[in-house]
There are 2 protein chains.
Amino acid sequence: MTPNKELQEQRMRGYFKDATREILKGEGLKALSVRSVAERAGYSFATMYNYFRDLNELIFLCVNDFMEECETLVNEAGTEMEPGRDRLKVRVKAYISYFTQYPGIFELFFVEKMNDIGSKHPTARTIYEFSDRLFGEDVAALTGKLPDTEKINRDILGNLRHSVTGMLLFYNNRLQPGDYREFIAIALRQTELCLAPAYA
Amino acid sequence: MTPNKELQEQRMRGYFKDATREILKGEGLKALSVRSVAERAGYSFATMYNYFRDLNELIFLCVNDFMEECETLVNEAGTEMEPGRDRLKVRVKAYISYFTQYPGIFELFFVEKMNDIGSKHPTARTIYEFSDRLFGEDVAALTGKLPDTEKINRDILGNLRHSVTGMLLFYNNRLQPGDYREFIAIALRQTELCLAPAYA
DNA sequence: TTAAAATAATAAACAATGTTAATTATTTTT
DNA sequence: AAAAATAATTAACATTGTTTATTATTTTAA
């Protein structure tokens, strides 16, 4: 019987990745350490270095998983609705809800200071374009009949990306505004404002 | 001769504060440590604890200085212009320029994860309202003649606050977009979009 | 099947960090 | 000038990421 090294290694990596995901979703980046991950995975902290270059590599691998999870959640919001203004708001709300429920994941996506290598990583661009992918269809539904659609789309999606990220940053990291309901209300209002170029 | 304890203590605190400011402006938060501050101040790291509760207190004290510095810079931009759209853009540009020149200060203002006490600190609110103070006059000049001025002002200033912060976050922390000129161009374009409610 | 080789897991160690407690140096007061 | 108070520093501890040695295990070869 020849042992399946590939499978074994895959499993080991899985244990560490799962542990990392759980900690990030639960206690957040602050609680993440080589030792905390290893303990949850059931191995010594030194074992991690046999499967990953360092803690950062492990963190990077989680981003894709989280992105999928978030996308699924957003896609489950407003399924019965027509693409457009109202559905966009429902989807933005789901997006925001994900990142307020898991502030550690928000931190990981948008806040964590990476080294220069990390920022040049393709992941950085994928994150940058993440909201475009999620909200593109609804925006396109609003601008489809207009001339100069592409430019307007870029404007709107850009504004959405920046202002939603900004709001989440203030809410998650600075507790501004202090109340969640108020935060959501402002967020939806701002979402509407971002659509202005579609009605010009 | 009775020694002026007050003055002496004030000076000591000044040495540490200056050292902290210099490091934050130069190498950024990552390079800031009790030891690096103390070395630059010319004292042992333990001495810091005789004048400040901890490193966080020292950091907080710098925020106000930086805010003043930034405000001065912004106020020096477009002094000969009329309040309004064009001056706003010049001022936003100065604001952005400050926080890209000193990414460590941006981190300190908007990114650094504070403990709950820190986020409930009055400073958190001051930071939140900082851009409103800087850009309020120009926005008011645009909306002054409209009905429902206050509401529109809030909308515009909110959108400005969030989208400028979001853009800076992407640029400073994720190198998106990769080129500074492109970044500025997008930022100014987005600034204009934020003003849409004034022209409705 | 058992000895040798390869591999995997871990423990030990190091450097850097924030912080506190103990100690030394300095200044002030009596 | 000695005693008391204060200031500054050193020593120490706990926690972090990471690397280097050791130990345990598994695979291979005789």
Side-chain angles (χ1 to χ4, degrees), chain A residues 1-20 23-24 26-62 104 107-108 111-118, chain B residues 1-20 22-24 26-62 104 107-108 112-118:
Chain A
M1 173 268 191
T2 87
N4 190 335
K5 301 299 227 111
E6 188 58 36
L7 176 63
Q8 289 178 9
E9 174 157 343
Q10 210 55 32
R11 278 189 186 134
M12 285 299 285
R13 290 172 69 88
Y15 299 145
F16 282 97
K17 267 175 58 180
D18 290 347
T20 306
I23 293 172
L24 285 174
E27 301 96 80
L29 253 178
K30 214 195 56 175
L32 195 78
S33 76
V34 186
R35 273 134 174 121
S36 68
V37 168
E39 184 182 15
R40 196 177 281 242
Y43 287 90
S44 153
F45 62 88
T47 304
M48 194 218 77
Y49 288 94
N50 293 337
Y51 295 93
F52 304 91
R53 196 166 38 73
D54 55 19
L55 192 60
N56 270 325
E57 186 185 338
L58 202 38
I59 292 173
F60 263 112
L61 292 171
C62 294
E107 218 182 330
L108 178 59
V111 175
E112 189 211 1
K113 197 76 182 170
M114 300 167 166
N115 45 30
D116 275 7
I117 300 121
Chain B
M1 173 263 192
T2 89
N4 189 337
K5 300 298 227 109
E6 187 58 35
L7 176 62
Q8 289 178 8
E9 174 156 345
Q10 209 56 32
R11 279 189 185 135
M12 285 298 284
R13 292 172 67 89
Y15 300 146
F16 282 97
K17 269 175 58 180
D18 290 347
T20 306
E22 286 167 24
I23 293 173
L24 285 174
E27 301 97 80
L29 253 177
K30 213 196 56 174
L32 194 78
S33 75
V34 186
R35 274 138 175 119
S36 68
V37 168
E39 184 182 15
R40 198 178 280 243
Y43 287 91
S44 152
F45 61 88
T47 304
M48 194 216 77
Y49 289 93
N50 293 336
Y51 295 92
F52 304 91
R53 194 166 40 72
D54 55 19
L55 191 60
N56 270 326
E57 186 185 337
L58 202 38
I59 292 173
F60 263 111
L61 292 171
C62 294
E107 218 182 329
L108 178 59
E112 190 212 358
K113 196 74 184 172
M114 300 165 166
N115 46 29
D116 275 8
I117 300 121

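Letters A, B, ... mirror the listed sequences (proteins, then strands); counts begin at 1.
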- Query: Between B:Asn56 (side chain) and B:Ile59 (backbone), is there a donor-acceptor pair under 3.5 Å?
  - Reply: no
- Task: Inspect the surroundings of CD in A:Glu39 and state if more than 12 heavy atoms from other residues, nucleotides or ligands are less than 6.0 Å away.
- Result: no
- Query: To the nearest 0.5 Å, what is the distance between CG (B:Leu32) and CG (B:Leu24)?
  - Reply: 5.0 Å
- Message: Rounded to whole Å, how long is the line connecting atom CG of B:Leu29 with atom P of C:dG18?
- Response: 11 Å
- Take the protein atom CZ of A:Phe45 and the nucleotide atom C1' of D:dG17, then report the distance between them rounded to whole Å. 9 Å
- Query: Counting only side-chain N and O atoms of A:Ser33, is one of them less than 4.0 Å from OP1 or OP2 of D:dT15?
  - Reply: no
- Task: Could you tell me how the ring of A:Phe16 sits relative to the ring of A:Phe52: parallel (under 30°), tilted (30 to 60°) or perpendicular (over 60°)?
- Result: perpendicular
- Query: Does A:Arg35 count as lying over the ring of A:Phe45, i.e. NZ or CZ under 6.0 Å from the six-ring centre, within 45 degrees of the axis?
  - Reply: yes
- Query: Nearest-Å distance, CG (B:Leu58) to C1' (C:dG18)?
  - Reply: 13 Å
- Please tell me which of B:Ala46 and A:Gly42 maps to the more 5' nucleotide of DNA chain C, matching each residue to the nucleotide holding its nearest heavy atom. A:Gly42
Provide a list of protein-nucleic acid N or O atom pairs under 3.5 angstrom, restricted to nucleotides 6-8 of chain D.
from  : atom 1 : to      : atom 2 : distance (Å)
D:dA7 : OP1    : B:Lys5  : NZ     : 3.2
D:dA8 : OP2    : B:Tyr51 : OH     : 2.4
D:dA8 : N7     : B:Asn50 : ND2    : 3.4

- Steps toward side chain to side chain contact (heavy atoms under 4.5 Å, CB included) verdict (B:Leu61, B:Arg13): CA-CA 10 Å; B:Leu61 292 171; B:Arg13 292 172 67 89; 3.9 Å; yes
- Atom pair distance, as rounded to whole Å: CG in B:Asp54 and C1' in D:dA14: 17 Å
- Message: Without decimals, in angstroms, what is the distance between A:Glu39 CD and C:dA11 P?
- Response: 13 Å
- For B:Arg35 and C:dT17, give me the distance from atom CZ to atom P, rounded to whole Å. 7 Å
- Note on the structure: To the nearest angstrom, the NZ-P distance between A:Lys30 and C:dG18 comes to 15 Å
- Roughly, in whole Å, what's the span from OH in A:Tyr49 to C1' in C:dC14? 13 Å
